[in-house]
Amino acid sequence: MSVENDSSQVQSVASGSGYPSFPVAPGYRLNVRSGPGTNYSVIDVLPLGATVTLRCQTRGTTVSGPYGTSDIWDCIGNGRFVSDAYVRTGSDGFVVTRCG
């Protein structure tokens with residue numbers, strides 16, 4: 001899931017939250033699941049052009065997406081997870097604290 005860093009990469013810290021935000025891959029409406037895997041139910045769908053704020057990351061089901069194949073899942077809220085393979089973090093690994 002290697003991604004080259006370039007000037008078009010977007011990373012910001014959500015206003016006042018202290019958590020970094022990253023863009024979802026262009027052209028994708030991303031499923032938000034109740035846990036870190038495809039076996040968890042879809043509880044929401046993010047719109048095209050969405051940005052997600054990462055609270056923590058954990059391992060789960062391996063998913064292939066536009067940014068490679070990864071078993072990392074990003075927690076974007078209480079009980080809300082998205083596959084890191086669809087989020088442009090610029091890294092193959094963990095970029096925030098692991099969920100505990």
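- Not counting sequence neighbours, the partners of Ser64 by the side-chain contact (heavy atoms from CB on, under 4.5 Å) test are Thr69.
- Of all heavy-atom pairs spanning Asp44 and Val42, the tightest one is O-CG1, 3.4 Å.
- Looking at Thr38 and Asn31, their side chains never come closer than 4.5 Å, going by heavy atoms from C-beta outward.
- Here the closest non-hydrogen pair linking Leu46 and Val24 is CD1-CG2, 4.2 Å.
- You'll find the side chain of Thr89 reaches within 4.5 Å of the side chain of Leu54, heavy atoms only.
- Residues in residues 50-62 take part in these salt bridge (charged side-chain N to carboxylate O under 4.0 Å, His left out) pairs, two or more places apart or across chains: Arg59-Asp71.
- Listed here is the closest heavy atom pair of Gln57 and Ile72: NE2-CG2, 3.7 Å.
- Closest non-hydrogen pair, Gly27 versus Leu48, comes out as C-CD2, 3.4 Å.
- When atom types are taken as modelled, the side chain of Trp73 and the backbone of Gly35 share no donor-acceptor pair closer than 3.5 angstrom.
- The list of ring pair (Phe, Tyr, Trp, His ring centres under 6.0 Å) pairs with a residue in residues 24-43, not counting sequence neighbours, reads Tyr28-Tyr86.
- Nearest heavy atom pair, residue Thr61 against residue Gly37, reads OG1-CA, 3.1 Å.
- The backbone N or O of Cys99 sits nowhere less than 3.5 Å from a side-chain atom of Thr58 that would complete a donor-acceptor pair.
- The distance from the SG atom of Cys56 to the CZ atom of Phe81 is 6.0 Å, given to the nearest 0.5 Å.
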Evaluate Asp74 against Phe22 for side chain to side chain contact (heavy atoms under 4.5 Å, CB included), listing each step before the verdict.
CA-CA 11 Å; Asp74 304 332; Phe22 299 92; over 6 Å; no

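- Annotation for Pro20 and Val96: closest pair CG-CG1, 3.4 Å, computed over non-hydrogen atoms.
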